[in-house]
Amino acid sequence: MTDPFLSLHARALARTDDLVRTVSAADLDRPTPCADWTLAQLLAHMVGQNNGFAAAAMGETEDRTVWADKPVRHDAGGVYGTSVKRVVGAFNEPGALDHPWLIPPIREDRPFPGRAAAGFHLLDYVVHGWDVAAAMGVPSGFDAEVLAAVLPLAEEVPDGADRQRPGALFRPALPPGDGEALEAILRMLGRDPGWRP
């Protein structure tokens with residue numbers, strides 16, 4: 001029987017894959033909602049994180065190079081698509097969610113429960129998927145079930161001084177709006193849903 005979480009995760013990553021496949025070489029210098037990152041830098045980060053989370057799901061605890069950003073300029077859709085297959089496949093390996101995962105970009109000293117770490121990835125890729133869509137000026141297109149699963153994950157992310165530090169995963173939360181799940185998720189994580197290039 002398919003794990004409902006893994007089904008939602010695969011759907012979310014498939015949507016990000018669809019979004020990235022619309023990106024041409026001419027789009028890679030577009031600004032994004034991610035601080036000073038261009039679309040090329042954002043996608044390089046997303047590929048690196050996909051590879052890192054895939055390695056963590058497979059039990060990697062030593063090699064930090066698996067988390068490195070991967071340039072995408074020669075084939076953004078192909079490079080990103082390969083990383084999506086890798087991470088979705090790794091998450092779906094039998095028992096992958098049942099062992100601890102070490103996620104150095106979040107915490108170096110001790111691992112997280114696998115299912116919790118996989119939730120971090122789902123949350124991050126809905127937000128980064130929106131970043132890509134916003135940079136391209138198109139709807140993000142995540143389905144309601146995916147967003148409903150991500151909303152409580154966003155609510156659990158601590159807000160405080162750590163979000164002010166350079167390299168923080170998210171910016172300080174914005175005041176709540178009156179929009180639906182996606183807007184609430186974005187605002188909780190410091191993204192302005194009205195951002196435009």
Side-chain angles (χ1 to χ4, degrees), residues 9 12-13 16 19-20 28-57 60-72 80 83 87 91 100-136 140 142 147 149-177 179 181-197:
H9 178 264
L13 269 287
T16 66
L19 288 165
V20 175
L28 292 174
D29 291 323
R30 287 176 180 253
T32 73
C34 297
D36 297 323
W37 281 355
T38 64
L39 191 50
Q41 291 167 311
L42 171 60
L43 295 178
H45 168 76
M46 291 172 71
V47 171
Q49 293 291 295
N50 276 347
N51 292 340
F53 270 90
E60 178 60 62
T61 60
E62 300 294 330
D63 185 3
R64 301 298 192 266
T65 65
V66 297
W67 294 91
D69 291 357
K70 301 291 182 189
V72 300
Y80 184 74
S83 77
V87 73
F91 280 30
W101 297 10
L102 188 65
I103 312 294
I106 301 175
R107 188 171 70 195
E108 280 272 1
D109 57 339
R110 63 191 189 280
F112 293 92
R115 189 169 290 272
F120 302 158
H121 188 263
L122 174 60
L123 169 65
D124 204 31
Y125 278 70
V126 165
V127 175
H128 280 327
W130 176 82
D131 292 332
V132 173
M136 295 294 290
S140 58
F142 291 106
L147 295 175
V150 170
L151 184 59
L153 300 175
E155 290 169 342
E156 292 174 9
V157 177
D159 191 17
D162 282 350
R163 291 204 195 179
Q164 300 276 13
R165 295 179 181 169
L169 298 176
F170 301 110
R171 304 304 304 152
L174 300 177
L182 180 59
E183 180 177 341
I185 292 164
L186 296 172
R187 287 182 170 279
M188 278 186 266
L189 301 177
R191 294 289 202 281
D192 176 4
W195 184 93
R196 296 291 181 272

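Counting from 1, the numbers follow the sequence of the chain as shown.
Once rounded to the nearest 0.5 Å, the distance linking CD of Gln49 with CZ of Phe120 reads 12.5 Å. Summarising the geometry, atom CD belonging to Glu183 is positioned 9.0 Å from atom CG belonging to Asp192; distances are rounded to the nearest 0.5 Å. The distance from atom CG of Asp131 to atom CG of Leu39, rounded to the nearest 0.5 Å, is 9.5 Å. Interatomic distance, CZ of Arg107 versus CG of Leu102, reported as 9.0 Å (0.5 Å rounding). With rounding to the nearest 0.5 Å, the separation of CG in Leu19 from CZ in Phe142 is 6.0 Å. With values rounded to the nearest 0.5 angstrom, Phe53 atom CZ is found 9.0 Å from Asn50 atom CG.
Trp195 has its side chain within reach of Trp130: a pair of non-hydrogen atoms, C-beta onward, lies under 4.5 Å apart. Side chains of Pro193 and Arg187 form a contact here, defined as non-hydrogen atoms less than 4.5 Å apart. With a 4.5 Å cut-off on side-chain heavy atoms, Ile185 and Val127 count as touching. Side-chain atoms of Leu13 and Tyr125, non-hydrogen and from C-beta on, do get closer than 4.5 Å to each other.
Checking side-chain atoms of Arg30 against main-chain N and O of Ala135 turns up a donor-acceptor pair under 3.5 Å. At distances below 3.5 Å, not a single donor-acceptor pair connects side-chain atoms of Arg191 with backbone N or O atoms of Phe170. Panel note: side chain Glu156, backbone Leu153; no donor-acceptor pair is recorded below 3.5 Å. Side chain of Gln41 to backbone of Leu43: no donor-acceptor contact under 3.5 angstrom is found. No side-chain donor-acceptor contact under 3.5 Å links Arg171 to the backbone of Leu189.
Counting all heavy atoms, side chain and backbone alike, Ala55 lies closest to Val66 at CB-CG2, 3.8 Å. Heavy atoms only, all atoms of each residue included: Glu108 and Pro104 are closest at OE2-CB, 3.6 Å. Residue Leu151 comes nearest to Ala181 through the heavy atom pair CD1-O, 4.2 Å, listed as atom of the first residue, atom of the second, then distance. Between Trp67 and Pro105, the shortest heavy-atom distance links the atoms CE3-CG, 3.5 Å. Annotation for Asp159 and Pro172: closest pair OD1-CA, 3.7 Å, computed over non-hydrogen atoms. Closest non-hydrogen pair, Cys34 versus Leu42, comes out as SG-CD1, 3.9 Å.
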- Task: Might you work through the side-chain contact (heavy atoms from CB on, under 4.5 Å) test for Val72 and Met46, ending with a clear yes or no?
- Result: CA-CA 10 Å; Val72 300; Met46 291 172 71; over 6 Å; no

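Partner His121 forms a ring-ring contact (aromatic ring centres under 6.0 Å, His included) with one of Phe112, Phe91, Trp101 and no other, that one being Phe91.
The stretch residues 29-52 participates, sequence neighbours left out, in these ring-ring contact (aromatic ring centres under 6.0 Å, His included) pairs: Trp37-His45, His45-His128.
Within 6.0 Å of atom CG in Asp36, 12 or fewer heavy atoms from other residues, nucleotides or ligands are found, so the atom counts as exposed in its surroundings.
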